[in-house]
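Structure, as structure tokens:
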Number of protein chains: 2
Amino acid sequence: MRSARSAVVPRQGAQAIRRALAVLRILAAGREHGVPLAEVVRATGLTRPTVHRIVHVLIEEGIVERHERTLRYAIGNQVPELALARPRPSRLLVAANPSLQRASAEIGDTLFLTVRTGNDTLCVDRRIGVYPIQVLSIEVGARRPLGVSSAGVAILAAMPASDARKIVAANEKRFEAYRTDVATVLGEVTAARRLGYGLREIGLVQGTKSLSTWIKTPDGQPAAAMTVSAVRTRLGPRREQEVAEILLREARLIEQAIGG
Amino acid sequence: MRSARSAVVPRQGAQAIRRALAVLRILAAGREHGVPLAEVVRATGLTRPTVHRIVHVLIEEGIVERHERTLRYAIGNQVPELALARPRPSRLLVAANPSLQRASAEIGDTLFLTVRTGNDTLCVDRRIGVYPIQVLSIEVGARRPLGVSSAGVAILAAMPASDARKIVAANEKRFEAYRTDVATVLGEVTAARRLGYGLREIGLVQGTKSLSTWIKTPDGQPAAAMTVSAVRTRLGPRREQEVAEILLREARLIEQAIGG
DNA sequence: CGTCCCTTGTCCATAATATGGACAAGAACG
DNA sequence: CGTTCTTGTCCATATTATGGACAAGGGACG
């Protein structure tokens with residue numbers, strides 16, 4: 001056996017597989033409604049014949065579905081079937097459950113648990129609060145490029161600046177669909193690093209404001225974020241401070257639950 | 001645009017992707033514990049360097065995980081993350097729920113809902129009955145080659161004989177791990193076709209007996225099966241008849257719920 | 001109803017990619 | 001210390017995936 005290399009060299013000989021996965025991740029961001037071919041081409045940077053070929057092979061294999069009406073492509077039902085091979089719910093969900101419960105009761109606004117997956121954020125849990133106006137636009141399964149939500153900003157802020165810059169650069173093509181750009185995102189990340197938590201004064205939904213704390217695994221990498229979303233008027237400076245303290249406290253508890 | 005072909009020609013230009021998916025399906029059958037490399041090689045018929053390369057690229061991409069201790073490969077946590085793009089629970093699960101409820105209450109033994117996925121059966125729901133001895137060995141997520149369980153036999157019996165033969169032949173390499181073979185399976189399928197339901201006198205677990213009815217989609221293809229498993233002594237000829245009648249009745253109701 | 005501009009789908013020569021035979025090396029066993 | 005498992009790697013080669021170029025459908029508009 002050869003000696004191990006110190007630098008991690010990506011394995012050769014599987015370009016097609018990597019490309020197929022890149023396509024799948026873009027399709028996943030489209031949820032049930034799916035994504036038109038041209039959008040997949042834009043987001044992945046691949047050529048259209050290549051994306052077309054990949055997508056249609058994945059349809060034959062049942063990994064991708066196509067909506068008859070819209071011609072959009074979406075994740076197929078073999079994906080959840082493969083997912084059944086893993087134990088559910090995940091360790092993180094179990095570890096975070098008590099914290100979400102507590103924070104939701106204390107804060108009263110909508111709470112999200114979001115994980116990092118590659119260059120995306122993915123909402124994996126949501127708790128509705130008791131306050132009568134709730135921000136419900138983000139659902140479990142929502143997937144967005146790292147950087148466009150406060151959770152993404154928080155996660156980027158918690159990793160080495162060079163890593164964050166690489167991810168933001170890789171997501172550049174996808175930012176325009178969310179009306180943002182590399183410079184804006186990097187500015188928000190810097191601000192979050194200073195504050196200790198991620199913030200979006202103007203949420204993805206008009207008139208909302210979001211606040212996120214990062215959650216790190218024992219190896220120091222941010223793996224998730226806990227977010228509060230509320231109508232802007234409910235998150236003035238004083239309450240922002242209170243909410244941040246609760247989220248920070250619970251984030252540390254979740255980190256301990258994962259680590260122990 | 002060219003005219004559509006009458007015969008469905010599998011798309012060219014994606015051998016690697018198809019192979020990667022074949023590997024993933026074998027890994028899925030290994031659930032949490034995973035599968036050793038040599039077993040993947042056997043089951044897929046690919047060469048070892050090829051499987052090794054595919055599996056390690058999938059690890060880099062987060063689609064596959066490796067257990068440190070055993071060196072076995074298993075489905076990684078990005079798969080459920082991709083699966084979140086789809087609405088849960090599935091339409092079938094919703095449609096079958098009342099039937100499972102009713103049948104479970106009437107019969108009292110363990111009930112399974114199993115779907116066909118490619119050349120496999122996959123358990124997607126399980127209901128524990130009230131009788132004090134329950135067969136619990138098959139869990140949600142359990143995946144086996146079509147033909148080795150009574151559910152698989154039922155599904156094969158409900159499709160055209162030529163299709164069934166093709167699938168059984170394709171699974172040949174995987175049968176020996178379940179101590180069966182092509183001839184035995186084809187015999188059971190023929191018997192099931194005559195009976196109207198699938199039967200295994202000797203279940204995968206010693207001393208158990210299973211009985212399955214198929215469920216067809218509106219296009220006439222069997223997509224799932226409903227199964228009762230019990231200790232053998234509880235399923236004598238008279239009770240077998242009773243249980244079969246209940247399962248057949250509920251299977252037809254599920255078919256209507258899907259079709260309407 | 002012709003033109004523009006969007007989309008998706010297909011062909012095929014060619015370059016690049018994935019392939020697998022052969023070899024290396026550890027581990028368990030007697 | 002050979003035997004027989006397993007996993008991991010190299011690299012010349014031929015098979016495979018690639019993408020430029022073209023085809024074709026459909027909607028908006030004057």
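In what follows, every chain begins at residue 1, and chains take the letters A, B, ... in the order their sequences are listed.
- The stretch residues 21-39 of chain A has no heavy atom under 4.0 angstrom from DNA chain D at all.
- Remark: the His56(B) side chain and the Tyr73(B) side chain contain an N/O donor-acceptor pair separated by less than 3.5 Å.
- A donor-acceptor contact shorter than 3.5 Å is absent between the side chain of Thr117(A) and the backbone of Asp120(A).
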Using a cutoff of under 3.5 Å, can you pull out all pairs of nitrogen or oxygen atoms linking the protein to nucleotides 15-18 of chain D, with atom names and distances?
unit_1, atom_1, unit_2, atom_2, d
dT16(D), OP1, Gln15(B), NE2, 2.7
dA17(D), OP1, Gln15(B), N, 2.4
dA17(D), OP1, Ala16(B), N, 2.8
dA17(D), OP2, Ala14(B), N, 2.9
dA17(D), OP2, Gln15(B), N, 3.2
dT18(D), OP1, Gln15(A), OE1, 3.1
dT18(D), OP1, Arg19(A), NH1, 2.9
dT18(D), OP2, Arg53(A), NH1, 2.5
dT18(D), O5', Arg19(A), NH1, 3.3

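- The side-chain hydrogen bond (donor to acceptor under 3.5 Å, both in side chains) test applied to Ser229(A) returns Ser210(A), not counting sequence neighbours.
- Looking at Glu81(B) and Arg143(A), no side-chain N of the basic residue comes within less than 4.0 Å of a carboxylate O on the acidic one, giving no salt bridge.
- Using a distance-only test at 3.5 Å, with no hydrogens or angles considered, no donor-acceptor pair links the side chain of Arg126(B) to the main chain of Thr110(B).
- One can place CG of Leu71(B) at 11 Å from C1' of dA27(C), the figure rounded to the nearest angstrom.
- Atom CG in Leu46(A) sits roughly 13 Å away from atom P in dT17(C) (whole-Å rounding).
- Glu61(A) and Arg18(B) are joined by a salt bridge, as a carboxylate oxygen and a charged side-chain nitrogen come within less than 4.0 angstrom of each other.
- Looking at Arg66(B), its side chain does come within 3.5 Å of a backbone N or O of Leu71(B) through a donor-acceptor pair.
- The distance from atom CZ of Arg19(A) to atom CD1 of Ile17(A), rounded to the nearest 0.5 Å, is 12.5 Å.
- Rounded to a whole Å, the NE2 atom of His52(A) is 19 Å from the P atom of dC22(D).
- In this structure, Arg18(B) atom CZ and dT19(C) atom P are separated by 13 Å, rounded to whole Å.
- In this structure, Tyr73(A) reaches the dG9(C) phosphate: one of its side-chain N or O atoms is under 4.0 Å from OP1 or OP2.
- At a cut-off of 3.5 angstrom, the base of dG9(C) holds at least one donor-acceptor pair with the side chain of Arg48(A).
- One interatomic measurement links the two molecules: CZ of Arg69(A) to P of dG27(D), which rounds to 13 Å at whole-angstrom precision.
- In this structure, NE2 of His67(B) is placed 15 Å from P of dT7(D), rounded to the nearest angstrom.
- Residue contacts shown for Arg66(A) are limited to sugar-phosphate atoms, with no base heavy atom under 4.0 Å away.
- The distance between atom CZ of Arg72(B) and atom C1' of dT6(D), rounded to the nearest whole Å, is 12 Å.
- Asn171(A) contributes a side-chain N or O that, together with a main-chain N or O of Asn119(A), makes up a donor-acceptor pair within less than 3.5 Å.
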